[in-house]
Amino acid sequence: MFIFALKRFAVAIPTLFILIVLSFFLMQVAPGSPFTGDFNMPPEILANLEAKYHLNEPLWKQFAYYFSDLLQGDLGPSFKYKDYTVNELVAQSFPVSLTIGSIAFIITVIMGVSLGTLAALKQNTWVDYTVMTLSMVGVVLPSFVIAPMMVLLFAIILPWLPAGGWNDGNWENMVLPVAAMAILYVAAVARIMRSSMIETMNSNFIRTARAKGLPKHHIILKHALKPSLLPVVSYLGPAFVGIITGSVVIETVFGLPGIGQHFVNGALNRDYSLVLGLTIIIGALTILFTAIVDILYGLIDPKIRVGS
Amino acid sequence: MKKPSKALTLAGIPALTLAAAIAATTASAAIVPAGIQLDNTQELTRGNGAEPASLDPQKVEGTPGSRVTRDMFEGLVTQDLEGNTIPGQAESWTISDNNKVFTFKIREDATWSNGDPVTAEDFVFGFQRAVDPATASNYAWFIEIPTIINASNIIGGKAPVDSLGVKALDDKTFQVTLEKPVPYFIKMLAHQTTFPVPKKVVDKFGDEWTRAENIVSNGAYVMEKWVVNERIVLKRNKNYWNDKETVIDQVTFLPIVSQTAELNRYKSGELDFTQEISSKHFSSLQKDIPNEIRITPQLGTYYYEFNTKVKPFDDVRVRKALSYAINRDAITRSITKRGEIPAYTFTPEAVAGFQPPKTDYGQLTQKERNSKAKELLETAGYNKNNPLKLSLLYNTSELHQPIAVAVSYMWKSIGVETTLENQEWKTFLDTKNEGKFEISRSGWIGDYNEASTMLDLKTTTHGNNDGKWSNKRYDEIMAASRTASTDAEREALYIEAEKILASEMPVAPVYQYVTGRLVKPWVGGYTTKNVEDNIYTRDLYITKK
C-alpha cells in the first residue's frame, strides 16, 4: 500500500509540471494583457508597468523567474490587485471556500447516502418516488437558478437570513450558500447510492446473509453499505476538490470572498499570476484527491487493491 | 441643469487667494438641516461595484478604488456635494501672474490618522511617487496633463524623480510649477493621484502599507478592515481636521459585481445605497419604490466609433448617414430607460463651464434624419442593388447587445446590412487597439470636469483615438484650449471642436450616461448634483429610521 501511494505521487510531479507549463503559456496566448483597459496608457507608462512585472522580457525568461519563485513557494504579485501577492489572496480566500465546501460535503455524504439507501430499500414506494423526484429537481436546476431563488425566499420574502456576505464566517451567512451548494451534490449522490444499493441488495452474498436469517439492519450496515459506497466514492473524490475550491456562481450570488471568484475574475482580468497560482493549487489538489480515492478504494474493496 | 461654479476654473485671476470666498458658501462636511433627527447608529453601507485594484492613491485604477480612497485621503482641494471644488488640506493658495506657479498653504490642523502633521513634504512625496517609473502608476499621465515641470521626462525615465516641478517651501507651504498655464489645474487636485501619502509608513511597509493594520490616512476615515472580494470597513478618523462636522462613524463598502445580487442585498436591508440599477430591473423598481431611485447626470458619453482607416468609413457621407439613422430617443426610452439623455454632441451637458452647442442634425426629427441618411448613402454610391454591408463590434454585455440589435434594425431601414460581433472585454479592447474593426461600441467617462476630458480623445495622437480620425484644425483647437486665458475664449474653441465633430462625424454619439442608484430614505445629504459621482461619506448622515 505504501509503495502504491509513493508511485502515485511520483507520477503527480511531472503531471503538475506539465500543467504549470501549459497554463503559463496558454495564459499568454489570450488576447489582451493585465494592463489593457478602456484607457490606453501612454507607451512610456505601459513600459514602466511591464518592466515592473518583467513582462518586457522574453517569455522563457519570464517562465524561469516564475518557476524559481514557485519552487520557494512564492506565487508572485497579483497583476490586478496591486496591494496583494497571490499567496496572500489565496490565504485569505481558500479558508472561506474550504469552510463552505467542507460543510456542504459532510451534508452531502450524510444526506445523500441515507436518502439513497432509504429510496433503495423502499423501492417503488412513495418514499422512493419522493426522494427521486426531489433529487431530480436538484440535479436539473443549476445553481444559478437555485441560489437566487433561495435568496429571494429566505432573505427577502422571509427575512430570516442575510442575502450575502461572509462576516468572518458567521453561521447565518453560511446557511444559504452551504444549502445551495449541497442540494446539487446531495441529489446526485442519492441517485447514485440508490441504484448501487439496489444492485448490492440483489447480489448473491446478501441473499446468503438473508437466508442465514441475519437481522435486516445488520445486513444493510455490515454487508450491503460498504460495497454500495464504491460508486459514491468514485464520484465524490474528484467532486470534493470542486466543492472545496469554491463555485463562482455561489460566491457571486452570495458575495463570498472565496477562491471561485478569484479564479474567474483572474481569467477575465488576465491576472496571469493569480490564475496560474490557483491552477496549480487546484491541479495539485485534484491529483492528490484522485490518489486518495484510489487508496480508499483499496480499503473498501480488497478485490481492487493494487500493488500488494 | 445646474452648472457647478466656474470660479475655480479661472486661472486668469492672478495672485489671488480664492479659498476664503469659496469657503463661505460651501463646506466639506455633513450639513444636517435644523429639525432633522439623527439616528443613534451612524453607520452606512455602500455598494461599490467591484473589488478595488488598489487603495494606494497613486495606484488606484478604477472607480471602486477611488471611492474608497476619497473617503480615506484628502488632497489639496476636495469637492462639495454638488461637485464644486473647495479647499481640502490646503486652506488657501496663490497663483503667479503667469498662471504657472501655484503656492498652497496647508492647514495648520491637517493631521494624519496617527497624529503626525500633514506636511508639504508629504505632497511632494505623493506627486513624485505618481510619476516615478518604479511606482508604475497607471495614472502617471494625470500629472503630465497639467504639464507639471519634467513630469513627462521622469515618466519616460529621462530625468530624476526629484526634478519634478513640486517643492516644499516650508512644512506647510507646497509649490507646484507648470510648464504651460493650465486653467483647470486646481480642479484636477481633487483626484486621488495627487493625494499626499505618509512617507514613513510607505517606506516601512512597502506594498503592504495599505493594509488595515499598517495604513495611515489624512481624510475623514481610516481603514478598519479589508477582506478582498467581501468588504472594506472604514471608521471615523478622529484626527481629521474637520472631524467635528463629520456625522457618520463607520462606512462599509461592498464589492458586489452582480447587479441582481446587489439589488437583493439592498432589498434585504444590507445596503443603504447601491452602486447601480440595471436597466433590466428599472421598470419594476419604478413601480415599487420610485422614491428610492436617484438619477444623476454623468460626465460621460456612450458612442459608436467609426474606423476611418477602413473603407468606406473614411467617407464622411457614410459616417454621417449611419449616425443620422440611429434613433437615440428610441434607445434611451426603450432600452436604457434610466433617464439617459440622447446625445448629438460628444461632450455631455453635465460638464462644468461649457454648454455643448445644438448641432444641426440634433435639431431635426428622426424622420428627417432618416431621409437625409438615405440621400447621403445614395450619393456615396450605396443603394438597393449595392447595399452597404458592415460589421458592428461590441463587448459582451446585457446592455450593449440590445442596443446593437436595435441600431442594426435602424440601419436596416436605410438599406444597410449589419453583422453583429461581440467579444469578451479584453479581447474586444485588443481588437480595437489593433484597428481590426469597422464600427465599434465605445464609451468614455471624464477624468476631470472639463470639456477637454472628452474632446481630447479625438485628437490625432490620443491613445484612445481608436478610429484614427485626424483633423489638423481640430488638433490646433484643442492645443489652443489649454492656454486660452479666458473662459469665453475656451468655450468658443470647444464649440468649434464640437461643430467639427458634427460635420466630420468620426463618432456617432448615442446617449449621455447617468448614474442610477437606489438610496434608502434615511440616507441624508445624498444629492444628484455631482456629475463626477464623487459622493464623500463625510457629507452624509443617517436620519432616524
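The figures here come from the full heavy-atom set of this structure, side chains too, leaving out hydrogens, waters and symmetry mates. Here is how names work: the chains are called A, B, and so on, in the same order as the sequence lines, proteins then strands, and each is numbered from 1.
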Q: So does B:Arg211 pair up with A:Glu88, basic N to acidic O under 4.0 Å?
A: yes
Q: Would you find a donor on one side and an acceptor on the other, under 3.5 Å apart, between the side chain of B:Lys426 and the backbone of A:Ser33?
A: yes
Q: Could you have a look at A:Val253, A:Val96, A:Asn269 and say which one has the most heavy-atom pairs with chain B under 4.5 angstrom?
A: A:Asn269
Q: Which answer fits B:Pro255, side chain, backbone, both or neither, if we ask what part of it has an atom under 4.5 Å from a heavy atom of chain A?
A: neither
Q: Does any heavy atom of chain A fall under 4.5 Å from the side chain of B:Ser137, the backbone, both, or neither of them?
A: backbone
Q: Answer yes when B:Asp430 and A:Arg270 have at least one side-chain N-carboxylate O distance shorter than 4.0 Å, and no when they do not.
A: no
Q: Please classify the contact of B:Glu434 with chain A as side chain, backbone, both or neither, using a heavy-atom distance under 4.5 Å.
A: neither
Q: Can you tell which part of B:Lys432 gets under 4.5 Å to a heavy atom of chain A, answering side chain, backbone, both or neither?
A: neither
Q: More than 12 non-hydrogen atoms from neighbouring residues, nucleotides or ligands closer than 6.0 Å to CZ on A:Phe144, yes or no?
A: no
Q: For chain B, find which of A:Leu161, A:Asn167, A:Ile157, A:Thr85 contributes the most heavy-atom pairs closer than 4.5 angstrom.
A: A:Asn167
Q: For A:Trp166 versus B:Glu230, what's the shortest heavy-atom pair and its separation?
A: N-OE2, 2.6 Å
Q: Under the 3.5 angstrom rule, does the side chain of A:Asn48 hit a backbone N or O of B:Ile155 as a donor-acceptor pair?
A: yes
Q: Taking the side chain from A:Glu44 and the backbone from B:Ser152, do they hold a donor-acceptor pair closer than 3.5 Å?
A: no
Q: Between A:Pro162, A:Ala155, A:Pro43, which shows the greatest number of heavy-atom pairs under 4.5 Å with chain B?
A: A:Pro162
Q: Report which part of B:Asp132 has an atom under 4.5 Å of a heavy atom belonging to chain A: side chain, backbone, both, or neither.
A: neither
Q: With respect to chain A, which residue among B:Asn464, B:Asp207, B:Thr427, B:Val227 yields the maximal number of heavy-atom pairs within a distance under 4.5 Å?
A: B:Asn464
Q: Heavy atoms only, distances under 4.5 angstrom: which of A:Gly164, A:Gly165, A:Ser78, A:Gly32 has the most pairs with chain B? Name it, please.
A: A:Gly164
Q: Counting heavy-atom pairs under 4.5 Å to chain A, which of B:Pro52, B:Gly206, B:Ala53, B:Ala50 comes out on top?
A: B:Ala53
Q: For atom CD of B:Glu398, is the number of surrounding heavy atoms from other residues, nucleotides or ligands below 6.0 Å larger than 12?
A: no
Q: Considering only heavy atoms, which portion of B:Arg265 lies under 4.5 Å from any heavy atom of chain A: side chain, backbone, both, or neither?
A: both
Q: Pick out which of B:Thr135, B:Asp56, B:Thr210, B:Asn138 makes a side-chain contact (heavy atoms from CB on, under 4.5 Å) with A:Lys82.
A: B:Asn138
Q: I need the A:Asp168 CG to B:Lys225 NZ distance, nearest 0.5 Å.
A: 3.5 Å
Q: Determine the option with the most heavy-atom pairs under 4.5 angstrom with chain B, choosing from A:Leu256, A:Thr252, A:Leu268.
A: A:Leu268
Q: Between A:Val151 and chain B, which part of the residue has a heavy atom less than 4.5 Å away: side chain, backbone, both or neither?
A: side chain
Q: Measure A:Lys80 against the heavy atoms of chain B and call it side chain, backbone, both or neither at under 4.5 Å.
A: both
Q: So which residue, B:Gly62, B:Ser268, B:Ser442, B:Ala261, ends up with the most heavy-atom pairs under 4.5 Å with chain A?
A: B:Ser268
Q: So, the side chain of A:Asp83 versus the backbone of B:Leu55: is there a donor-acceptor pair under 3.5 Å, distance only?
A: yes
Q: Please classify the contact between A:Pro42 and chain B as side chain, backbone, both or neither, with a heavy-atom cut-off of under 4.5 Å.
A: side chain
Q: So which atom in A:Ile156 and which in B:Lys267 form the shortest heavy-atom distance, rounded to 0.1 Å?
A: CD1-CB, 3.9 Å
Q: So for A:Tyr84, is it side chain, backbone, both, or neither that comes closer than 4.5 Å to the heavy atoms of chain B?
A: both
Q: Using heavy-atom distances under 4.5 Å, tell me whether B:Trp425 contacts chain A through its side chain, its backbone, both, or neither.
A: side chain
Q: With rounding to the nearest 0.5 Å, note down the distance linking NZ in B:Lys59 to CG in A:Leu49.
A: 10.0 Å
Q: Under a 4.5 Å heavy-atom cutoff, which of A:Glu251, A:His262, A:Glu50 has the most pairs with chain B?
A: A:His262
Q: Of the backbone (N, CA, C, O) and the side chain (C-beta and beyond), which part of B:Ala134 lies under 4.5 Å from a heavy atom of chain A, both, or neither?
A: backbone
Q: Using heavy-atom distances under 4.5 Å, tell me whether B:Glu144 contacts chain A through its side chain, its backbone, both, or neither.
A: side chain
Q: With only heavy atoms counted, which part of B:Trp226 is less than 4.5 Å from chain A, the side chain, the backbone, both or neither?
A: both
Q: Please classify the contact between B:Asp466 and chain A as side chain, backbone, both or neither, with a heavy-atom cut-off of under 4.5 Å.
A: side chain
